[in-house]
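One structure is given here, and the rest of the page talks about it.
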Amino acid sequence: MTALDPAAPTRRPGGRARRLGLYALLVLVALIAAGPLYWLASSALKTNPQIYAYPPHWVPTDLRWSNFSDAWNAAPFDRFFLNSLVVSVVGTAIELCAALLCAYAFVFLPFPGKKWLFLFLLGAMMVPGHVTLLPNFLTIAQLGWVNTWAGLIAPGLGSVFGTFLLRQHMLTLPKEVMDAARIDGAGHLRTLFRVVLPMSRPMVITVAIVVMVTKWNDFIWPLIVTSSADMRTLPVGLLFLRDQETYANWGAILAGTVMVILPVLVVFFIAQRYIIAGLTQGAGK
């Protein structure tokens, strides 16, 4: 095959240069995104003079591992971790079950006003969460759930976002499989957990991680509904740690911040392939 052959593959001029430029742009964006995270991790091992130094010391010269023990001892981090773990795991499990049941009903169960109810739920997504803080607090206070795990978990049990994502995914499932399940005599719950759930695993994991991270990082609601140190979650505990450190030991405060975000990063790296599969599912259809 010669260069004059019309069937010969042609390369676009400058294609390699554009590809290299794209790679350079991606590396630049990655460095910009990872820069603050690296500064946080490195500063957690610095002394106060190194943190305040200008120009900044990007590589700590004297690793101060005691910052982590100082942060752990300055505040009851074991209790903070327990509270955040209970709120995130239990809240995510209940919220995910509710989202699965609602999404299945919106897709596979006929009932009057279904489209209008779904539009109402979409409208609820547009309401800022801070609008509901006062009604939620008054309700929790009347129930006597202030400073309790129930008070921390209950207001966030309804997941409109999760319901929306799972509904949109279930609309793409093959109808033949659902018809076969009905012919075999499977009821709705059996169809949901034996047929729909296995086919929706990446999307379910994606919703679960998004919900869990949101609950893990929540600051405003735990700050409002708790007043004692033994019921605070990790984000509020960082504020408590800042108040405890009267001389502003920023090394210990940043070490506490690293301990807060590390579990989320570990969960993300373990489940990232499921997240990518869930977000790209149906993109080629």
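Being a predicted model, the structure only gives us computed values, none of them experimental.
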Can you give the donor-acceptor pairs under 3.5 Å from side chains of residues 85-102 to other protein atoms, not counting sequence neighbours?
| unit_1 | atom_1 | unit_2 | atom_2 | d |
| --- | --- | --- | --- | --- |
| Ser88 | OG | Ser84 | O | 2.8 |
| Thr92 | OG1 | Ser88 | O | 2.5 |
| Glu95 | OE1 | Lys215 | NZ | 3.0 |
| Glu95 | OE2 | Ser159 | OG | 3.1 |

Show me, pair by pair, the donor-acceptor contacts under 3.5 angstrom made by side chains of residues 123-139, not counting sequence neighbours?
| unit_1 | atom_1 | unit_2 | atom_2 | d |
| --- | --- | --- | --- | --- |
| Thr132 | OG1 | Gly129 | O | 2.8 |
| Asn136 | ND2 | Thr132 | O | 3.1 |
| Thr139 | OG1 | Pro135 | O | 2.8 |

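Leu20 and Val29 fall into different hydrophobic clusters, where Ile, Leu, Val, Met, Phe, Trp and Tyr side chains are chained together by heavy-atom contacts under 4.5 Å. Met203 is not connected to Ile270 by any chain of hydrophobic side-chain contacts under 4.5 Å among Ile, Leu, Val, Met, Phe, Trp and Tyr, and they are in different clusters.
A pairwise comparison of heavy atoms in Phe77 and Leu234 identifies CD2-CD2, 3.8 Å as the closest pair. Contact record, Pro235 with Trp216: CG-O, 3.3 Å, taken as the closest heavy-atom pair.
Residues satisfying the side-chain contact (heavy atoms from CB on, under 4.5 Å) criterion with Val195, sequence neighbours excluded, are Val177, Met178, Ala181, Thr191, Met199. Under the rule for a side chain to side chain donor-acceptor pair (under 3.5 Å), the partners of Asp230 that lie at least two apart in sequence or sit in another chain are Ser228. The side-chain contact (heavy atoms from CB on, under 4.5 Å) search around Ile205 returns Arg201, Ile209, Ala271, Tyr274, not counting sequence neighbours. Among residues two or more places apart in sequence or in another chain, the side-chain contact (heavy atoms from CB on, under 4.5 Å) test is passed with Phe268 by Gln272, Ile275. For Arg167, there are no side chain to side chain donor-acceptor pair (under 3.5 Å) partners at least two apart in sequence or on another chain. Every residue meeting the side chain to side chain donor-acceptor pair (under 3.5 Å) condition with Trp149, not counting sequence neighbours, appears here in chain and number order: Asn83. Partners of Phe108 according to the ring-ring contact (aromatic ring centres under 6.0 Å, His included) rule, which considers only residues two or more places apart in sequence or in another chain, are Tyr104. Residues satisfying the side chain to side chain donor-acceptor pair (under 3.5 Å) criterion with Arg182, sequence neighbours excluded, are Asp179. In this structure Arg194 satisfies the salt bridge (Lys or Arg N to Asp or Glu O under 4.0 Å) test with no other residue, sequence neighbours excluded.
Side chains of Phe68 and Leu45 form a contact here, defined as non-hydrogen atoms less than 4.5 Å apart.
The line from CG of Leu117 to CG of Leu122 is 10.0 Å long, rounded to the nearest 0.5 Å.
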Worked verdict on Ile253 versus Leu238 for side-chain contact (heavy atoms from CB on, under 4.5 Å): CA-CA 7 Å; Ile253 295 172; Leu238 287 178; 5.6 Å; no

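Below 30°, between 30° and 60°, or above 60°: for Phe118 and Phe106 the angle between ring planes is above 60°, a perpendicular geometry.
Other cluster members for Tyr54: none, since no ILVMFWY side-chain heavy atom sits under 4.5 Å from it.
Heavy atoms from other residues, nucleotides or ligands lying under 6.0 Å from OH of Tyr38 number more than 12. More than 12 heavy-atom neighbours from other residues, nucleotides or ligands sit within 6.0 angstrom of CZ on Phe111. By the 6.0 Å contact criterion, CZ on Phe81 is enclosed, its count of non-hydrogen atoms from other residues, nucleotides or ligands being greater than 12.
Aromatic pair Phe161/Phe164: centroids not less than 6.0 angstrom apart.
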